[in-house]
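Let me give you the structure first, and then I'll get to my questions.
To find a chain, count down the sequence lines: A is the first, B the second, and so on, and within it residues start at 1. As a basis for the values below, the full set of heavy atoms in this structure was taken, side chains included, without hydrogen atoms, waters or symmetry mates.
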Protein chains: 2
Amino acid sequence: MVRAGERAYAALLEEIQTGSLPPGTVLGEVEQAARLGVSRTPLREALRRLIADGLVVQQSPRVLVVSGFDVADIRALFEARRAFEETAARIAASRGDLAEFRELAAAFGDADPGDDASVDAYYALIERFDAAIDAAVANPYLTSALRTVRTHLARARRLARDNDARLRASVSEHRLIAAAIADGDAELAAHATHVHLHHALAAILTSLSEGTP
Amino acid sequence: MVRAGERAYAALLEEIQTGSLPPGTVLGEVEQAARLGVSRTPLREALRRLIADGLVVQQSPRVLVVSGFDVADIRALFEARRAFEETAARIAASRGDLAEFRELAAAFGDADPGDDASVDAYYALIERFDAAIDAAVANPYLTSALRTVRTHLARARRLARDNDARLRASVSEHRLIAAAIADGDAELAAHATHVHLHHALAAILTSLSEGTP
DNA sequence: AGCATGCCTTATGTATACAGTAGGTCGCAC
DNA sequence: GTGCGACCTACTGTATACATAAGGCATGCT
């Protein structure tokens, strides 16, 4: 039996990330507790965690709402990602598991997100890459910051669906980053990360501007 | 009437930061709730927040302890600080309130931590500097990361008390950083921050090695 | 004598009852 | 008719009762 608080957190996190609970949605304790089939106590715990994550904010002293997420937030998110991920890439190149990143570089080389079915494989690869980065940095302060931005990045992905061309380019960019880390080239790893984030942000902003002309 | 959960969090935070609750201390819910004069419900909220802060960890499925904080953690903390604060300094130089940082540079110039009484004034100045940085970056993701490292930095300060010479040097370093930001010199601000963090870490490590020979 | 197993204690996890406050609405007065 | 005020409702904040599981100790078996 998993804990009820965990289930409530996972459910709300998923719903906020996918947009099922849009920004501004009021999260009443009794209402959400009834909906998720848990008591108020574990639900409160879930809400507190979501507040700590920045996905829920206190609109007024006693009303919690799903936090907003607009273009300005996306820009801020990527500004933070630059700081966190460039540093992480640099550190990984200095003291990461070179064999793992060599394998990742090869896997990114094989990946072909042109196939619809392999998009999932692509995201699985990204997840493995992120895990390798976390293991390499071995720094709870940095890892925690990375975890937070990834949580919010999921919302950005939802807002702006990647197209095939962008996914293919992203794979290529990740291959370069992984290869640079495997070669112990910290500068290249950091700058390749910067370039990747630039393209990723540009793609998202373009997708958004096309979606709402 | 402030909320009980807030009081419990503030009390435990203070006690952990000052070392009154040393690392490894088991935090039983009923025990702490009774000690702090609150019920288990708000106490649990406080513990969850401390876990999110990284000041409390789950040792086993059902026992919470005050997290450890050793030399390795301090090194990791400063590694993260480099990433976060250099970026923050760079951003502040680009779009901060130049007048405020000009004032701060002047205030750091006047500060004289040689006086015992003015040590508090020094820390108040640091607090104002941090607030100015937060306002300048205006990025919740980065600000949140900065808040976390400051929370842990308080523990490091407790472990290694600064001496007068170090405080004087720190004031001078902050004056340079503030002046660089006021001049809009992002590169100097970032590098001066790097230098400051290097000296601060070195002073802490020296103090620790002297304390435990 | 040592180890394993089962029970018991005590903790956390959960649910619910109780209290207080904030916000809304209705009514009255100007 | 509009504005102010009081009451009322319904929510959060808090406390406590109940369920459940984990860990320790004791006892019995090998």
Given atom CD of A:E45 and atom C1' of D:dT12, what is their separation to the nearest angstrom?
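Distance check: A:E45 CD to D:dT12 C1' gives 17 Å.
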
Within this structure, what is the CG-to-P distance between B:L36 and D:dA15, rounded to whole angstrom?
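Between P of D:dA15 and CG of B:L36: 12 Å.
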
Hey, can you tell me if B:F108 and B:H174 have their rings parallel, tilted or perpendicular (30° and 60° cut-offs)?
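If you compare the ring of B:F108 with that of B:H174, the planes turn out parallel.
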
B:P61 or B:P42, whichever maps to the more 5' nucleotide of DNA chain D
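In this pair, the answer is B:P42.
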
First encountered from the 5' end of DNA chain C, between A:G37 and A:R62:
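Closest to the 5' end, via its nearest nucleotide, is A:G37.
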
Scan side-chain atoms only and decide if B:R40 and A:T41 contain a donor-acceptor pair under the 3.5 Å cut-off.
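Their side chains do not contain a donor-acceptor pair, so the 3.5 Å distance test is not met.
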
Take atom CZ of A:R44 and atom P of D:dC11, then tell me their distance rounded to the nearest Å.
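Distance, rounded to whole Å: 14 Å.
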
State plainly whether the residues A:R128 and A:E103 are in salt-bridge range, i.e. N to O under 4.0 Å.
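Result for this pair is yes, salt bridge flagged.
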
Regarding B:R81 and B:E85, does a basic nitrogen lie under 4.0 Å from an acidic carboxylate oxygen?
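Salt bridge: yes.
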
Starting at CD of B:E31 and ending at P of C:dA11, how long is that distance when rounded to a whole Å?
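Between P of C:dA11 and CD of B:E31: 9 Å.
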
Does A:R40 put a side-chain nitrogen or oxygen below 4.0 Å from OP1 or OP2 of C:dA15?
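The answer is no; no side-chain N or O of A:R40 sits under 4.0 Å from OP1 or OP2.
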
Hey, which of these two, A:T41 or A:V63, hits DNA chain D nearer its 5' end, going by closest nucleotide?
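On the 5' side of the pair lies A:V63.
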
Measure from CD on A:Q59 to P on C:dA22 and round the result to the nearest Å.
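Result: 16 Å.
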
Counting only side-chain heavy atoms from C-beta out, which of C:dT14, D:dC11, D:dG13 sits nearest to A:V30?
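For the A:V30 side chain, the nearest candidate turns out to be D:dC11.
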
From CD of A:Q32 over to C1' of D:dT12, roughly how many Å is that when rounded to an integer?
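Nearest whole value for this atom pair: 15 Å.
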
Please state how far atom OH in A:Y9 lies from atom P in C:dG13, giving the value in whole angstrom units.
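That distance rounds to 17 Å.
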
